[in-house]
Amino acid sequence: MDKFLIEGGKTLSGEVRISGAKNAALPIIAAGLLVKGPLTIDNMPALHDVNTMLKLIESMGVSVDRSGDRQVTIDTSSINSYKAPYELVKTMRASILVLGPLLAHFGEAEVSLPGGCAIGSRPVDLHIRGLEAMGATIVVEEGYIRATMDGRLKGATIFFDTVTVTGTENILMAAALAEGQTIIENAAKEPEVTDLAHCLISMGADISGAGTDTIIVNGVESLHPAQHSVVPDRIETGTFLVAAAMSGGKIKTTATRPDIQEAVLQKLIEAGATIESGEDWISIDMKGKRPKAVNITTAPYPAFPTDMQAQFAAMNCLAEGVSHIKETIFENRFMHMQEMIRMGGKILIDGNTATIEGSTQLRGAPVMATDLRASASLVMLALVVEGETLIDRIYHIDRGYENIEEKFQGLGGKITRVKATK
Ligand code: UD1
């Protein structure tokens, strides 16, 4: 397994280009299953999770053309299987996103149950119940969700009692081809859901209300070929901005979107950063200062994202003052904190709340990446604190960050990939 070797004590400065959002690219690839003919997707990030999703649809006979620069074209004309096997789903839970589109377009789908994951139990009951409300017959047997529908799915009113991002996306895609009107209540408002809706609209879907908690979809009989550019990754943007803040540095993120970043930018300002932005860039300047500790409570968009919790925990470890971090989305998302403690972080965990006392005494140490965002937070901490850090299991980070070491090197970070020997 590859590792990162990081020499800390650096102040970050310079410019970094942000990639397309992983969490928008994945549902948009799945949306390609709804089209008769090609869907061309631009600003596609080069990530392991994207490769897994493309491999998954290729295994169904879908043609995938990756010859363009940051561009992928998928075409369902040659599809011959409607199955998402365990071997692929177990490596990426977001594979569940093919369930709605396969069922809506082809009347059948067989998707492995995702099972447990490092950050909590993460069930998919809401996806299943939503599709059942639209008339699908679903059985869960032998570890698989087997869904069938005779004819088109039927529009329905679906109320999610928990806000679910991929659940909203699955129902949104299924509803696009259903007969009649679907109303999704308590829908996820994440910008990646809105981006998916825009892609579906460019394919001929009739959708209103995306980005609010009520989405209305008037189903159409078929969707046509289209081209769509993936929204910039707000989590990658936030990760670089927080890393700069931790180092007392000054950087500019480009090809990004400040308007979908409010909660994170406000917290950075509270931490003492000077933030400036234009239509597609955000800059941060800490003017050499140590950040001030900030309290965080994660919640669905537009509130503070759970996918930025670990990065702010890293910042708070170094910051001036005591902070409280409350995780309300996932039940087991503090594993990075055990590793931060190994680096000298002063953290007390009580249930879903962590209390962090900022310290200037942290040092590099051998640590282990436990999930995607947790890995990023350890890289950030390692870049800034004195000493050397070896981070094991960095395959997690490759799932969702494009060329993270090159991007940090471009900002002055001393990070190298140590290749596994076999
Ligand atoms: C998505 C994101 C992930 C992010 C998360 C929360 C993608 C590919 N992944 O994950 O990066 O951290 O949103 O913003 O977009 N739940 C149920 N039953 C369900 C579905 C969800 O109880 O059927 C619960 C989950 O256990 C969790 C909460 O709802 O506690 C939110 O999860 P959800 O929004 O569904 O997360 P994902 O879509 O898996």
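Read the numbers this way: they start at 1 and go in the same order the structure lists the ligands and their atoms. Positions are given from 1, in the same order as the sequence printed here.
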| query | Hey, is ligand 1 close enough to E190 that some N/O pair sits below 3.5 Å? | reply | no

| message | I'd like to know if R333 and E327 make a salt bridge, using a cut-off of under 4.0 Å between side-chain N and carboxylate O. | response | no

| message | Tell me whether P123 reaches ligand 1 (any heavy atom closer than 4.0 angstrom to a ligand atom). | response | yes

| task | For H127 and ligand 1, answer yes if some heavy atom of the residue is under 4.0 Å from a ligand atom, otherwise no. | result | yes

| said: Ring of F304, cation from K326 - is the NZ or CZ under 6.0 Å from the centre and inside 45° of the axis? | reply: no

| By number and element, which atoms of ligand 1 are closer than 4.0 Å to a non-hydrogen atom of L126? | 17 (C), 18 (N), 19 (C), 23 (O)

| query | Is there at least one pair of N or O atoms, one from T164 and one from ligand 1, spaced under 3.5 Å apart? | reply | yes

| Ion pair present between E402 and K407, side-chain N to carboxylate O less than 4.0 angstrom? | no

| request: Say whether F330, considering both its backbone and side-chain N or O atoms, lies within less than 3.5 Å of an N or O atom on ligand 1. | output: no

| What about K22: any of its N or O atoms under 3.5 Å from an N or O on ligand 1? | no

| Does D280 come within less than 4.0 Å of R17, counting only side-chain N to carboxylate O? | no

| field | Heavy-atom proximity to atom 33 (P) of ligand 1, best of N170, V165, I128 | value | V165

| said: Checking the N or O distance criterion of under 3.5 Å, is ligand 1 in contact with D125? | reply: yes

| Proximal atoms of ligand 1 relative to V124 (non-hydrogen, under 4.0 Å) | 19 (C), 23 (O)

| query | For L26 and ligand 1, does the shortest N/O to N/O distance drop below 3.5 Å? | reply | no

| request: Any atoms of ligand 1 less than 4.0 Å from a non-hydrogen atom of I329? List them with their elements. | output: 27 (C), 30 (O), 31 (C)

| query | Going by distance alone, is a donor N or O of one side chain under 3.5 Å from an acceptor N or O of the other, for T91 and T52? | reply | no

| query | Hey, which atoms in ligand 1 end up nearer than 4.0 Å to a heavy atom of D307? | reply | 3 (C), 4 (C), 11 (O), 12 (O)

| message | How about CD1 on I269, more than 12 heavy atoms from neighbouring residues, nucleotides or ligands closer than 6.0 Å, or not? | response | yes

| task | Show your reasoning for whether salt bridge (Lys or Arg N to Asp or Glu O under 4.0 Å) applies to R417 and D398. | result | CA-CA 11 Å; R417 184 177 291 253; D398 294 328; 2.8 Å; yes

| said: Among H198, M53, H228, M173, exactly one meets side-chain contact (heavy atoms from CB on, under 4.5 Å) together with I28. Which residue is that? | reply: H228

| query | Is ligand 1 less than 4.0 angstrom away from at least one heavy atom of R333? | reply | yes

| I96: heavy atom below 4.0 Å from ligand 1, yes or no? | no

| T306 neighbourhood, listing ligand 1 atoms whose heavy-atom distance to it stays under 4.0 Å | 6 (C), 12 (O), 14 (O)

